[in-house]
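Report on the following structure.
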Amino acid sequence: MCGIVAYIGKRQAYPILIKGLQRLEYRGYDSAGVALLNGDLHVYKKAGKVSDLQKFAEGQDVEGTIGIGHTRWATHGEPNDRNAHPHVSNSGNFALVHNGIIENYAALKEQLTNSGYTFKSDTDTEVLVNLIEEVKKQEDVSLEDAVRIALNEVVGAYAIVVIDRTNEDSLIVARKGSPLVLGIGDQEFFVASDASPIIEYTKNVVYLDDQEYAVVDRAGKFTIKTLGNIEITPFIQKLQMDLESIEKGGFEHFMLKEIYEQPRVIADAVRGRMSASEGWIKLGGVNEFANRINKAKRFIVTACGTSWHSGLIGEYLIETLARVPVEVEYASEFRYRNPIIHESDIILAISQSGETADTLAAIEVAKERQALVYGICNVIGSSIARVSHAGSYTHAGPEIGVASTKAFSTQVVILTLMALQIAQQKGTISNSYLRQVLYELENLPKKIEKTLELDAQIKVIAEQLKDAQNFLYLGRGYNFPVALEGALKLKEISYIHAEGYPAAEMKHGPIALIDEQMPVVVLATNESAYEKIVSNVQEVKARKGIVIAVVNEGDKQIKSMADYVIEIPQTEEILTPLLTVIPLQLLSYHIAVMRGANVDQPRNLAKSVTVE
Ligand code: F6R
């Protein structure tokens, strides 16, 4: 949450900062700001989107070849001009942008207030920039030393960039708990929360590690040190992503583009990891720790939001195929409830961003108790990927729409491969069944393409239902987590209240809500529980609910009862979530667009939740 960007070099900084902030806007979009050095320090900040900042800065002096920028997701203090970053120290000498939370900011603020400092904002960031100023003054040290000493006093998480009004030749960046990438150009440097603002200018990057800082200068020199003041040799990596992957490519929204990318990313997620004709699966992380994984007495999935939903599907998969018990935990609860974790447990930490604070904290708890942590992340080089003992990347490519779509599908694919590989190694499934599923997985991108062809029909359904105040989503077995996911998608982007339920659970409460106003989306593709779902649909219809049924092609019984029917291709039951989720993503998308909501940047949300 919050995106930071900075530039130093020969070019004008402002256009680079603005473009970078637009790319990072998915991380937070309630206010934005820039600070530029050009003889003096010029700071422009505004509540609202980056486009509001641009309008505000029009006609003002935005010259300068060094600058910092920020797009905010509010933690301390409401989103307004005053609380927007960058924040400037009392002397006016230092400006700072920050992503994260300074937990001991209240105590530090009190100390600084007692020393005569005043504060214009309600933020923890303004405390930090003044702390740096105070340390510099009291200890009579360089800005680098002051930043290092100040950060050693700070409890919490941060990625920061600091500039000095009296020195246009360098800037300082540091991180702990929040991501930061340094792009290395030809006598120029780019800094950002992720690589998307950098990719256009250079492919050479260094991902700063926790408790590290860097001093970069205009002459093209940079030094990385730990907060303990020990210089370290930087590891320069080549970025794998390309510019195309972070642009809309003709789609109206990133979310729609990402929904349509699912056939391709699912093929990418399985590439080189399985062969149906040869009957093998090879997830590197599972191979590396095969002994421990195959002997595990229990898997514990920990994740948040959509990733938690894919984890629930993982529970069904691993228990059914590999016959090992699985628990699925919200990371935010798991970390605080003193959970029982054994050394023989495997912790599956699932996260698109790889930066979710709660999931990271849950991993720490698991590692303290010697469990093996297996990360399933999308963002390469992310914190969760780095702190896990083993793992598999989902290879979905950058997901920019705040609502997760292709990340979910690829997580489910990895969990499917994992469950199958463990089951094969343990001998809990037959080779013929394994091949059958693998062939179907190879075919799945085509079936998703076919499901995507239903888009126009789903748009018509959306038109009919867009004014509903509530929605219910029902599913059984593998489709129950999909019902939860469908409800989450709808509520987060269209702001319609929605709930997902196991279909049979409806009669224990939610059935009271059903009347002629209530759309009920029923996932009715299950072979094993088809008759039961038929009964659930009847129960809804008997109370005049509006049934939108997702069924297999050729279905007759449910088709005759439902108000709207979406017919999708049939697949192996364990793979159904990968198809049933598609119409739900499209339905939410169209309803949100029709209601005029900002689909890619829903209110109050941010793409990576790096605060507790
Ligand atoms: C919903 C959504 C969120 C995330 C959750 C976890 O569409 O995107 O619920 O799934 O914040 O994020 P990651 O997967 O990055 O850990």
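Since the structure is predicted, the reported quantities are computational estimates derived from the model, not experimental observations. Residue numbers count from 1 along this sequence. For ligands, and for the atoms within them, numbers begin at 1 and follow the listed sequence.
Taking the six-membered ring wherever Trp is involved, the centroid distance between the rings of Y473 and Y501 does not fall below 6.0 Å. Aromatic rings from W73 and Y29 are positioned such that their centres are separated by 6.0 Å or more.
Side chain of D52 to main chain of K49: a donor-acceptor pair is present (N/O by atom type, distance under 3.5 Å, no hydrogens or angles). Between the H85 side chain and the T125 main chain, no donor and acceptor come within less than 3.5 Å of each other.
In this structure, H309 falls outside the shell of residues with a heavy atom less than 4.0 angstrom from ligand 1. Under the 4.0 angstrom criterion for non-hydrogen atoms, I384 is not in contact with ligand 1.
Counting the atoms of ligand 1 from 1 in the order shown, those under 4.0 Å from a heavy atom of S307 are 10 (O), 13 (P), 14 (O). Close approach to G305 involves these atoms of ligand 1, each under 4.0 Å from a residue heavy atom: 9 (O), 10 (O). Each of the following atoms of ligand 1 lies closer than 4.0 Å to a heavy atom of K489: 1 (C), 7 (O). In summary, the atoms of ligand 1 found under 4.0 Å from a heavy atom of S404, numbered by their order in the structure, are 7 (O), 8 (O). In summary, the atoms of ligand 1 found under 4.0 Å from a heavy atom of A403, numbered by their order in the structure, are 7 (O). Set against the non-hydrogen atoms of S351, the atoms of ligand 1 under 4.0 Å away are 13 (P), 14 (O), 15 (O), 16 (O).
Among all non-hydrogen protein atoms, the one lying nearest atom 15 (O) of ligand 1 is S353 OG, 2.7 Å. The nearest heavy-atom contact from the protein to atom 5 (C) of ligand 1 is C304 O, 3.6 Å. Of all protein heavy atoms, the one closest to atom 11 (O) of ligand 1 is V609 CG2, 4.0 Å. The protein atom (non-hydrogen) at minimum distance from atom 12 (O) of ligand 1 is T356 OG1, 3.5 Å. The protein heavy atom nearest to atom 7 (O) of ligand 1 is E492 OE2, 2.5 Å. The protein atom (non-hydrogen) at minimum distance from atom 4 (C) of ligand 1 is T306 N, 4.0 Å.
Residue contacts with ligand 1, taken as heavy atom pairs separated by less than 4.0 Å, do not involve T359 at all.
Here the rule is side-chain hydrogen bond (donor to acceptor under 3.5 Å, both in side chains) with K406, and of Q411, Q585, E261, E399 only E261 fits it. Exactly one of N378, T306, T410 qualifies for a side-chain hydrogen bond (donor to acceptor under 3.5 Å, both in side chains) with Q352. That residue is N378.
Between Y589 and H253, the side chains place a donor N or O and an acceptor N or O closer than 3.5 Å (distance only, hydrogens not considered).
Contact between A487 and A498 at its shortest, heavy atoms only, is O-CB, 3.7 Å.
The environment of E333 atom CD is sparse: at most 12 non-hydrogen atoms of other residues, nucleotides or ligands sit within 6.0 angstrom.
For the pair R603 and Y495, the cation-pi test (distance below 6.0 Å, angle within 45°) is passed.
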